[in-house]
Every structure is written in C-alpha cells, then in structure tokens.
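Notes follow once the structure below has been shown.
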Amino acid sequence: MSEGADGGGDGASARSPGGSPGGDGFAPSALGTREHWDAVYERELQTFQEYGDTGEIWFGEESMTRLIRWMQKHKIPLDASVLDIGTGNGVFLVELAKSGFSNITGIDYSPSAIRLSGSIIEKEGLSNIKLKVEDFLNPSTKLSGFHVCIDKGTFDAISLHPDSAVEKRKQYVQSLSRALNVKGFFLITSCNWTKEELLNEFSEGFELFEELPTPKFTFGGRSGNSVAALVFQKT
C-alpha cells in the first residue's frame with residue numbers, strides 16, 4: 001500500500017479545513033481505498049513487465065536508508081523477523097535483503113502489489129523474502145512474532161479511508177500489537193501526522209524510543225519537518 005504508489009510521498013496528505021486527526025480531521029480520499037491501490041499496482045505491474053521500471057519509492061530513497069541505518073546502529077540481528085506493512089512494490093524489502101537481513105516479510109492487501117513485488121524480487125535474484133496478501137486491519141492469526149515492524153505511508157493511507165477512518169486507525173494499532181513481540185520496534189514514517197499526533201495515536205501499548213531526523217523546510221519565516229519518522233517500542 002505504500003511503496004511505489006507514492007508520487008513522491010506527498011499525495012497522501014489531505015487534512016480537512018479546521019480538522020484534527022483525533023476526530024475526522026482528514027478529508028476522505030480514494031487514496032484510502034483498496035480499489036485505488038489495486039488499480040495503481042495493476043498499472044505499475046504492466047509498466048514493470050514492459051519497461052523494467054520498479055516505480056517510485058515512498059518518501060524517496062533517503063527514507064529507506066534512514067531506517068536501515070537505524071537498524072544497523074542499534075544492532076538489530078540480521079536474522080530478526082522484520083515485517084514491512086503495506087510493502088507495495090517491495091523495493092524496501094530488496095534493500096533490507098541487500099543489507100544482510102534474512103528473515104523479512106512484506107504484506108499488502110493488494111494482490112497486484114504482491115505480484116509486482118514478487119516480480120521485482122525475482123529479477124533481483126533474491127529468494128529469502130516472504131510475501132503475503134494480507135489486510136493488516138484484519139490479519140491472519142499467523143501474522144505475529146515479529147521483532148521489527150515498518151510502515152512508510154500505510155497508516156497515512158488508512159487515515160484517508162472514506163468510511164470509519166478513526167475506527168480503522170484503532171484496528172491498525174490493535175493489529176500492530178498482535179504482530180509485534182514485546183520490546184519489539186515499530187518504525188513509522190508519515191507525511192500526514194506530526195510527532196505529537198503519532199504519540200497520541202500509539203499511546204496504548206507503545207512508547208517512543210527515538211525520533212529520527214528528517215528533512216526540514218522553511219516557509220514564511222517558520223521552519224518545520226514535512227515528514228515525521230519515529231521509532232516506538234512495544235511495552
């Protein structure tokens with residue numbers, strides 16, 4: 001749901017005027033629907049098959065490097081079980097594998113995304129990556145026992161769902177708690193949510209472990225971050 005269908009990482013941001021994410025603060029968008037992503041990945045799969053183009057990377061290559069460097073800095077074992085939530089075109093899985101991680105899984109609720117990521121992984125000659133069609137809001141019981149869970153844009157997309165987005169965010173947190181081991185790490189990158197808002201969304205069962213540096217922007221004499229990147233630890 002995240003990789004490859006990003007358009008540079010700014011397409012998922014859609015706050016409604018005067019709204020706040022604690023309520024119905026996001027304007028409903030097709031970006032929050034499975035139909036949208038199925039269509040996107042069908043097109044990207046065709047493009048890959050015809051031209052070998054893997055598609056764009058959600059939040060850019062820098063976002064992948066930032067997460068992998070954090071995992072290396074904190075000596076996450078190379079055989080630690082890692083879950084990429086909403087893997088999209090699977091490019092992040094490829095980078096994890098090339099960095100030596102050997103127990104990695106990518107899930108996406110779009111079968112087209114899993115076909116695309118499978119094709120890209122096969123082209124790269126990698127065989128130690130698991131792919132599954134999974135709806136993270138209604139996951140199978142087998143989706144558990146992970147040491148690290150990673151989200152680059154999937155929580156953002158869920159926030160834009162036109163039907164019961166608030167409830168779906170709660171389902172996401174519950175699914176994350178089931179998927180992640182106690183003391184496991186959750187790395188999230190978001191363009192819709194600030195640090196403070198993410199702390200609120202994941203306040204039950206998780207605590208902030210570290211805030212990762214992201215690019216800053218300046219506008220009208222004020223500076224800030226266009227992307228939030230946080231590491232939570234399950235309590």
Side-chain angles (χ1 to χ4, degrees), residues 1-3 6 8-15 19-23 25-26 57-77 80-88 91-93 95-96 99 101 104 136 146-160 165-166 169-170 172-177 179-235:
M1 188 194 298
S2 61
E3 320 279 12
D6 16 289
D10 57 357
S13 184
R15 291 290 177 98
S20 68
F26 292 105
I57 301 167
W58 192 261
F59 302 118
E61 291 186 12
E62 179 184 359
S63 66
M64 297 192 300
T65 302
R66 180 190 307 126
L67 300 179
I68 291 173
R69 283 180 176 170
W70 182 89
M71 294 170 70
Q72 293 170 335
K73 173 185 174 183
H74 289 274
K75 295 181 171 54
I76 301 297
S81 54
V82 181
L83 176 66
D84 187 23
I85 303 168
T87 198
V91 170
F92 184 56
L93 297 174
E95 293 305 310
L96 283 170
S99 298
F101 291 94
I104 49 184
F136 194 62
F146 291 95
H147 298 96
V148 179
C149 290
I150 297 171
D151 181 322
K152 294 199 301 96
T154 298
F155 190 69
D156 282 353
I158 288 171
S159 304
L160 303 178
V166 173
R169 297 202 305 270
K170 292 178 181 178
Y172 180 103
V173 176
Q174 292 169 357
S175 295
L176 178 65
S177 184
L180 195 61
N181 285 342
V182 174
K183 298 301 181 182
F185 294 106
F186 172 53
L187 286 64
I188 181 170
T189 304
S190 170
C191 64
N192 271 350
W193 301 84
T194 65
K195 171 187 175 182
E196 289 72 21
E197 291 165 348
L198 288 172
L199 288 174
N200 181 63
E201 289 292 311
F202 294 93
S203 60
E204 292 191 17
F206 300 89
E207 61 183 10
L208 181 65
F209 185 85
E210 188 173 346
E211 179 179 9
L212 303 182
T214 58
K216 293 186 179 293
F217 70 93
T218 301
F219 181 78
R222 300 181 65 183
S223 62
N225 297 75
S226 56
V227 171
L230 303 180
V231 179
F232 287 93
Q233 189 169 33
K234 182 178 173 181
T235 57

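Quick caveat, the model's predicted, so the values are computed rather than measured. Positions are given from 1, in the same order as the sequence printed here.
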Heavy-atom closest contact ([X] atom, [Y] atom, distance):
X	Y	result
Leu83	Ala179	CD2-CB, 4.4 Å
Thr194	Ala228	C-CB, 4.3 Å
Ile150	Asp84	O-OD1, 3.6 Å
Arg66	Pro213	NE-O, 3.1 Å
Val173	Glu204	CG1-O, 4.2 Å

Mind checking ring pair (Phe, Tyr, Trp, His ring centres under 6.0 Å) for Phe136 and listing every partner two or more places apart, or none if nothing turns up?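 Here the qualifying residues are Tyr172.
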Rounded distance [0.5 Å steps], [atom1] in [X] versus [atom2] in [Y]:
X	Y	atom1	atom2	result
Glu201	Phe206	CD	CZ	12.5 Å
Glu196	Leu230	CD	CG	9.0 Å
Ser63	Ile68	OG	CD1	9.5 Å

Can you name the side-chain contact (heavy atoms from CB on, under 4.5 Å) partners of [X], sequence neighbours left out?
X	answer
Lys170	Val166, Glu167
Leu199	Lys195, Leu208, Phe232
Glu210	Trp70, Lys73, His74, Leu212, Val231
Ala80	Ile76, Pro77, His147

Hey, are the side chains of [X] and [Y] touching, using non-hydrogen atoms and a 4.5 Å cut-off?
X	Y	result
Leu187	Val148	yes
Asn192	Phe155	no
Glu95	Leu67	no
Ile188	Phe202	yes

Under 3.5 Å, side chain of Arg169 to main-chain N/O of Ser159, donor-acceptor pair present?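 No.
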Give a yes or no on whether the backbone of Gln174 and the side-chain of Ser177 come within a donor-acceptor separation of less than 3.5 Å.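 Flag not set: sc Ser177 to bb Gln174 has no pair under 3.5 Å.
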Quick one: list whatever passes side-chain hydrogen bond (donor to acceptor under 3.5 Å, both in side chains) with Gln233, sequence neighbours left out.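 Scan of Gln233 (side-chain hydrogen bond (donor to acceptor under 3.5 Å, both in side chains), adjacent residues dropped) gives none.
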Stepwise, does the side-chain contact (heavy atoms from CB on, under 4.5 Å) test hold for Val227 with Glu62? CA-CA 12 Å; Val227 171; Glu62 179 184 359; over 6 Å; no
Show, in sequence, the C-alpha distance, side-chain angles and deciding distance for Asp151 and Leu176, and conclude whether the side-chain contact (heavy atoms from CB on, under 4.5 Å) test is met. CA-CA 10 Å; Asp151 181 322; Leu176 178 65; over 6 Å; no
